[in-house]
Amino acid sequence: MRLTSSILKITLQPTPTEGGDTLLYFDQTASTQPLEAVLDCYVNLSRTCYANPSALHRQGFLAEQTIRQAARDLAQGLGCLPEELIFTSGATESINLALQGALQAHPNIGQHLVTWAAEHKATLETFNHLESLGYQTHYLPTNAQGLPDEAAIEAVLHHPVGLISFSLVNNETGAILPLERLMALKQRYAPQALVHIDAVQGYTKLPFKPKRLGVDLASFSGHKIGAPKGIGLLYCRKGLTLKPLFYGGGQQRGIRSGTENPILARCMALAAELQLKKASQRNQKVTQLKAELLKRLADSGLNWVLNSPEQASPYVVNLSFPGIRPETLVHALAGEDIYVATHAACSGAASRSHVLDSMLISEAVKTSAIRLSLDETHESQDLERLVDALKRHVPVLQQPTDHTRSQRA
Ligand code: PLP
């Protein structure tokens, strides 16, 4: 089949719009543009490192060494052992392997499972599946600060809990979970319970060392940190056994069969290394950008509400413009080559956000939210262009409503 010219025209680079502006991408929480150095690494390694890592010949050995080195580099950044890392296709697989694999390998550990109602669907849907297998699932409600309600945790942990799963950073609001406090509570009330952390949105942004925190399992995704899609990572504490999700050639100690991809493993390790190197500088810049964005919005005269908690990750800003339909605003901005999200891309066609639904905010606020992702490639003039575009579109799209900032329920 011949490729049509429109397919051939698709390009990864920002393209100038008719007015001469380049595209503005504010959706890094959904997926990042791969780093240039990582793309170079992908292309160069693809030319040389194509043998099967399990092959007995020299080329296979080199491919295997590439994977081992990637695991060593990633382990160093995470403060764990290389043999505690398993490469997967992405965080959804890591989370499934962590939760299902650990519970199947330890059937007597406890039938109660605990998570937060605002977790990513990869966790919630796996919990749903586990519930169908007979486990008792508990979803902690969201408190007024936009965090899992800690009073509810103590009540839940009195059950025989087998596993607890929380994220490091919520992917819709940027809420940073108080993991050290949660770990202390679990240690006090349910020391036997296994802990899984979905570290996807905090990885390379917040300091996170699973071993030091005492967590048993942690999931990571390459395409959220500037590596290509199709690579993820699972940390599994040494000594903890997992039942595989699928069977085959017995690669990765039999836990994750399937030919390993040395190129993607290397890309993930390189992306993590580059991001970690500039983490503090990047965090500082993005924190300033967030403050500037909120100031520009405050000065804009628009009717808006901040849904992200006060102490949230600066990379994720969840806002509502009560009275608008968020899809309409997203399309209007896309018409100016400005890309923002309504809510998690992974929620697919779901028109409501389960994260906002779990929060103590009004219906008008829940149904008018957009998510802006910030990163260090943004500049002050990008925020100016974004807020100018909001000032043009929001008043036109906004239906009259009584809900203002002060009416947050
Ligand atoms: N967990 C969180 C918090 C996420 O934001 C995402 C992706 O949006 C995932 C898990 C799933 O990651 P992946 O796309 O690598 O499967």
Side-chain angles (χ1 to χ4, degrees), residues 25-34 38 74 85-101 115-129 139 142 146-148 164-177 179 195-206 208 210 215 217-235 245 256 258 261 264-265 267-268 271-272 275 308-309 312-318 339-350 353-356 358 371-375:
Y25 186 67
F26 289 105
D27 201 14
Q28 283 80 358
T29 311
S31 203
T32 56
Q33 184 177 24
V38 172
L74 286 159
L85 296 177
I86 300 150
F87 289 107
T88 64
S89 61
T92 300
E93 184 190 332
S94 301
I95 292 168
N96 272 270
L97 177 56
L99 304 185
Q100 297 190 57
T115 190
W116 179 27
E119 287 296 326
H120 189 273
K121 290 280 181 182
T123 297
L124 295 180
E125 291 302 318
T126 307
F127 263 56
N128 213 4
H129 170 65
Y139 302 90
T142 304
L147 293 168
I164 301 170
S165 185
F166 289 127
S167 51
L168 190 55
V169 172
N170 183 272
N171 61 304
E172 287 199 29
T173 65
I176 300 174
L177 267 77
L179 283 188
V195 176
H196 166 256
I197 301 299
D198 170 349
V200 169
Q201 297 295 348
Y203 183 38
T204 71
K205 295 178 175 122
L206 291 178
F208 178 65
V215 311
L217 298 146
S219 296
F220 309 87
S221 175
H223 73 102
K224 311 287 184 173
I225 63 161
K229 291 166 191 64
I231 184 78
L233 201 63
L234 174 63
Y235 162 81
L245 288 181
R256 206 278 189 170
N261 188 331
L264 287 177
C267 285
M268 176 138 187
Q275 302 287 23
S308 297
S313 160
Y315 295 85
V316 188
V317 182
N318 195 303
Y339 299 92
V340 307
T342 48
H343 51 88
C346 330
S347 298
S353 154
H354 70 278
V355 177
L356 297 184
S358 81
R371 179 185 67 185
L372 300 170
S373 306
L374 297 174
D375 88 353

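Atoms within a ligand are numbered from 1 in the order they appear, just like the ligands themselves. Position 1 is the first residue of the sequence, and the numbers go up from there. The figures here come from the full heavy-atom set of this structure, side chains too, leaving out hydrogens, waters and symmetry mates.
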Among Ile231, Val316, Asp198, closest by heavy atom to atom 1 (N) of ligand 1 is Asp198
Does any part of the side chain of Tyr139, heavy atoms only, come nearer than 4.5 Å to the side chain of Ser358, both counted from C-beta?
no
A student checking ligand 1 against Gly90 at a 4.0 Å heavy-atom cut-off should list atoms 15 (O)
If we number the atoms of ligand 1 from 1 as shown, the ones under 4.0 Å from a heavy atom of Asn171 are 3 (C), 5 (O)
Honestly, for Ser167 the part within reach of ligand 1 (heavy atoms, under 4.0 Å) is neither
Near Gln201 (heavy-atom distance under 4.0 Å), the atoms of ligand 1 are 3 (C), 4 (C), 5 (O)
d(Tyr203 OH, Ser221 OG) to nearest 0.5 Å is 10.5 Å
Quick one, Ser94 with Ser219, criterion side-chain hydrogen bond (donor to acceptor under 3.5 Å, both in side chains). Give me CA distance, side-chain angles, the key distance, then yes/no.
CA-CA 5 Å; Ser94 301; Ser219 296; 4.5 Å; no
query = Mind checking whether Ala30 has an N or O less than 3.5 Å away from an N or O of ligand 1?
reply = no
ask   = Do ligand 1 and Thr92 have nitrogen or oxygen atoms that lie under 3.5 Å from each other?
value = yes
Checklist entry - Does the side chain of Ser313 pick up a donor-acceptor pair with the side chain of Gln201 at under 3.5 Å? => result no
A student checking ligand 1 against Ser221 at a 4.0 Å heavy-atom cut-off should list atoms 13 (P), 15 (O)
* To do: Check the side chains of Ser31 and Lys229 for a donor-acceptor pair under 3.5 angstrom, ignoring hydrogens and angles.
  => yes
* **4.0 Å heavy-atom contact, Lys224 with ligand 1** => yes
Nearest heavy-atom approach of Asn171 to Val316 is O-CG1, 4.0 Å
Ranking His223, Lys121, His120, Lys229 by closest non-hydrogen atom to atom 4 (C) of ligand 1, top hit is His120
d(Asn318 CG, Leu356 CG) to nearest 0.5 Å is 5.0 Å
